[in-house]
Amino acid sequence: MGTKTGQRGRYICKVGYYDIYAKDNLKPKKESKFKWLKGEVQSTDYVIIHAKKTIKSGFKTKELAVAAAKELNTSN
């Protein structure tokens, strides 16, 4: 059974009603006879999502994304 992450990435945590996801950017995979082999993780971007809609993206660390989500949560 496959995963349901789709285009969002890995689920990290919830802040209020915002969800934090981590999306990995991969290097191209090396030539191999195995089809399941994935490329190495080059970098990770954290994204704030609410109800399948991306609110903010491009955070480099989880702490920055959580702080921004808390700020968004208190401003509403």
Side-chain angles (χ1 to χ4, degrees):
M1 187 168 163
T3 61
K4 294 183 178 180
T5 57
Q7 298 298 320
R8 287 187 242 154
R10 294 180 284 123
Y11 178 77
I12 301 297
C13 66
K14 187 171 201 71
V15 177
Y17 52 85
Y18 294 111
D19 294 321
I20 310 273
Y21 284 88
K23 188 167 185 178
D24 295 328
N25 300 318
L26 302 175
K27 291 181 184 178
K29 67 178 182 178
K30 297 178 182 174
E31 284 297 319
S32 176
K33 63 181 179 180
F34 303 112
K35 292 183 181 180
W36 50 266
L37 191 65
K38 290 189 177 181
E40 292 181 34
V41 175
Q42 185 175 4
S43 64
T44 303
D45 293 328
Y46 291 87
V47 180
I48 300 172
I49 294 179
H50 173 62
K52 298 183 182 179
K53 183 178 178 186
T54 300
I55 304 299
K56 283 193 175 181
S57 62
F59 298 103
K60 296 297 177 190
T61 64
K62 176 186 171 186
E63 290 78 22
L64 291 174
V66 169
K70 284 180 181 177
E71 182 180 320
L72 285 170
N73 201 16
T74 58
S75 67
N76 289 335

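All figures in this text were calculated on a predicted structure; none of them were measured in a lab. Note: hydrogens, waters and symmetry copies are ignored here, and every other heavy atom, side chains too, is used.
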Following the transitive rule for hydrophobic clusters with a side-chain heavy-atom cut-off under 4.5 Å over Ile, Leu, Val, Met, Phe, Trp and Tyr, establish whether Y17 and L72 coincide in one cluster.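 Both belong to a single hydrophobic cluster.
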Is it possible for you to say whether I12 and I48 belong to one hydrophobic cluster, with membership spreading through side-chain heavy-atom contacts below 4.5 Å? yes
Using every non-hydrogen atom in the two residues, find where [X] and [Y] come nearest and quote the distance to one decimal.
X   : Y   : answer
Y46 : K62 : CE1-N, 3.7 Å
G16 : N73 : CA-ND2, 3.2 Å
I20 : A65 : CD1-O, 3.7 Å

Report all side-chain donor-acceptor pairs from residues 52-59 shorter than 3.5 Å, counting only partners two or more places apart or in another chain.
none

Non-neighbouring partners of T61 that pass side chain to side chain contact (heavy atoms under 4.5 Å, CB included), sequence neighbours left out: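 T61 satisfies side chain to side chain contact (heavy atoms under 4.5 Å, CB included) with E63, L64 once adjacent residues are dropped.
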Applying salt bridge (Lys or Arg N to Asp or Glu O under 4.0 Å), can you list everything that pairs with K60, at least two apart in sequence or on another chain?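 In terms of salt bridge (Lys or Arg N to Asp or Glu O under 4.0 Å), with neighbours along the sequence ignored, K60 is linked to D45.
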Contacts of type side chain to side chain donor-acceptor pair (under 3.5 Å), residue S43, not counting sequence neighbours: N25
Which residue pairs pass the salt bridge (Lys or Arg N to Asp or Glu O under 4.0 Å) test when at least one of the two sits in residues 16-28, sequence neighbours left out?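 Non-adjacent pairs meeting salt bridge (Lys or Arg N to Asp or Glu O under 4.0 Å): R10-D24, K14-D19.
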